[in-house]
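Below, read A as the first sequence line, B as the second, and so on, with proteins coming before strands; counting in each chain starts at 1.
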Protein chains: 2
Amino acid sequence: MKLSTKGKYGLYAMYYLAQHAGEGCQSLRNVAEIGVPEDYLEQLLGTLRRAGLVTTVRGAQGGYALAKAPQEITVGDIIDALEGPLSISDCVGDESRCHKAGQCPSRRVWEYLSRSINGLLQSISLQDMLNETSFDDMERTLTADDPT
Amino acid sequence: MKLSTKGKYGLYAMYYLAQHAGEGCQSLRNVAEIGVPEDYLEQLLGTLRRAGLVTTVRGAQGGYALAKAPQEITVGDIIDALEGPLSISDCVGDESRCHKAGQCPSRRVWEYLSRSINGLLQSISLQDMLNETSFDDMERTLTADDPT
DNA sequence: GTGAATGTTGACAAGATTAGTCGGGTATGA
DNA sequence: TCATACCCGACTAATCTTGTCAACATTCAC
């Protein structure tokens with residue numbers, strides 16, 4: 001169970017744009033400084049544009065910029081756009097795939113996990129990543145739940 | 001971001017064994033009633049055996065059984081065994097892969113997510129799946145956090 | 001002891017997915 | 001009009017998934 005590089009690179013790119021928000025748009029070449037092949041990054045940014053997360057300006061001096069404020073874009077938005085919606089198991093969200101949907105306890109596990117993980121992803125915004133202290137807060141709530 | 005069928009089938013199989021705990025061991029053919037090809041299931045049960053989650057008896061009247069009580073086996077144990085440890089990004093857990101480990105905010109996101117998801121997976125035991133009411137409790141804590 | 005039932009192991013392979021690469025567009029500013 | 005950029009679809013090598021298969025080892029019933 002792992003994330004592909006799409007989600008990872010996409011978050012790097014969006015964080016880069018968040019850091020340079022207010023400086024006008026950034027060319028693909030600039031964004032690629034994060035260490036991602038330009039040709040590949042172009043695909044990812046295209047997907048993010050179609051998902052409404054970045055805006056683009058074509059032509060000379062063109063480039064990419066965040067479509068919304070950093071606090072309005074979450075890690076979940078980015079992962080969703082690039083990797084498709086989190087789908088632990090096909091049967092979640094598509095009842096027809098499960099012949100005994102009502103009684104299947106595994107299904108309830110998948111549903112619970114999907115909702116929990118989506119909630120986690122949606123709870124972290126780009127702004128949180130810019131504010132380092134947000135992480136310390138998250139760590140505290142996490143370790144408070146789990147006394148080990 | 002999805003689970004492969006290994007984790008899904010593995011959980012089905014372990015749940016089947018939990019339901020039949022106390023009835024002696026179950027042959028591969030019996031377990032395959034959950035709807036998984038026998039030859040493939042055999043591989044998965046072999047992996048679960050090497051992970052110490054099931055015990056086997058060879059020969060005629062042999063079969064598979066849980067190695068521990070249902071409350072001592074978690075969904076996380078099963079997923080870990082079959083899909084390898086949750087690895088959101090390579091750089092989590094292997095500092096050498098990240099050239100700027102200390103300052104990377106994405107890394108902090110991955111670490112936070114990994115720990116949270118692992119905690120979730122470890123919090124659900126096979127016994128919880130047998131007790132239907134456990135799910136209602138989980139739903140309550142989940143919806144309490146998220147008022148939508 | 002023999003044979004049937006059952007678990008064990010490793011090799012193999014078709015298909016899907018990932019992670020890019022490439023080549024040609026199209027829009028814009030100087 | 002030309003250089004700079006973004007846009008888009010096709011292509012590919014490598015890897016992973018999802019099995020299938022064949023040969024073998026162990027045990028029980030007779």
Rounded interatomic separation in angstrom, taking NZ from K2(A) and P from dT18(C): 10 Å
R29(A) side chain, from C-beta outward: closest of dA5(D), dT21(C), dC21(D): dA5(D)
Sugar-phosphate only, base, or nothing, as touched by G62(B) at under 4.0 Å among non-hydrogen atoms: sugar-phosphate
Length of the NZ-P vector between K8(B) and dT18(D), whole Å: 9 Å
Closest-nucleotide ordering on DNA chain C, the 5'-leading residue of R50(B) and E38(A): R50(B)
Sugar-phosphate, base or nothing in reach of G59(A), heavy atoms under 4.0 Å: base
Spacing of CD1 belonging to I34(A) relative to OH belonging to Y15(A), to within rounding of 0.5 Å: 12.0 Å
Phosphate OP1/OP2 of dG7(C) contacted by S27(B) side-chain N/O (<4.0 Å): no
Upstream residue (5' side of DNA chain C) when K6(A) and L45(B) are each assigned their closest nucleotide: L45(B)
NZ/K68(B): more than 12 non-hydrogen atoms of other groups inside 6.0 Å: yes
Contact under 4.0 Å: Y40(A) side-chain N or O vs dT12(D) OP1/OP2: no
Straight-line distance of Y12(A) OH to T5(A) OG1, nearest 0.5 Å: 10.0 Å
Selection from dG20(C), dC8(D), dT18(D) that lies nearest to any side-chain heavy atom of R49(A): dC8(D)
Phosphate OP1/OP2 of dC6(D) contacted by T56(A) side-chain N/O (<4.0 Å): no
Listed nucleotide nearest any side-chain atom of Q43(A), set dG19(D), dG7(C), dT21(C): dT21(C)
Nearest-nucleotide pick for D39(B), side chain only, options being dC21(D), dT4(D), dG19(D): dC21(D)
Nearest-neighbour nucleotide for the A60(A) side chain, dC6(D), dG29(C), dC28(D) considered: dG29(C)
Whole angstrom value for the distance that separates P of dA5(C) from CG of N30(B): 14 Å
N/O (side chain, Y9(A)) to phosphate O (OP1/OP2, dG20(C)) under 4.0 Å: yes
Nearest-0.5 Å distance that lies between atom CZ in R49(A) and atom CD in E42(A): 10.5 Å
Sugar-phosphate, base or nothing in reach of Q26(A), heavy atoms under 4.0 Å: sugar-phosphate
Nucleotide dG7(C), atom P - distance to CG of L44(B) in whole Å: 14 Å
Rounded distance (Å) that lies between atom P of dT20(D) and atom CG of L41(B): 12 Å
Length of the CG-C1' vector between L28(B) and dT26(D), whole Å: 16 Å
Phosphate OP1/OP2 of dG29(C) contacted by R58(A) side-chain N/O (<4.0 Å): no
Heavy-atom pair of closest approach, residues V31(B) and A13(B): CG1-CB, 3.9 Å
Gap between atoms CD and C1', on Q61(B) and dG7(C) respectively (whole Å): 13 Å
d(CG, L82(A); C1', dT18(C)) in whole Å: 13 Å
Side-chain N,O (S4(A)) to OP1/OP2 (dT17(C)) below 4.0 Å: no
L44(B) CG to I78(B) CD1 distance, which is reported to the nearest 0.5 Å: 11.5 Å
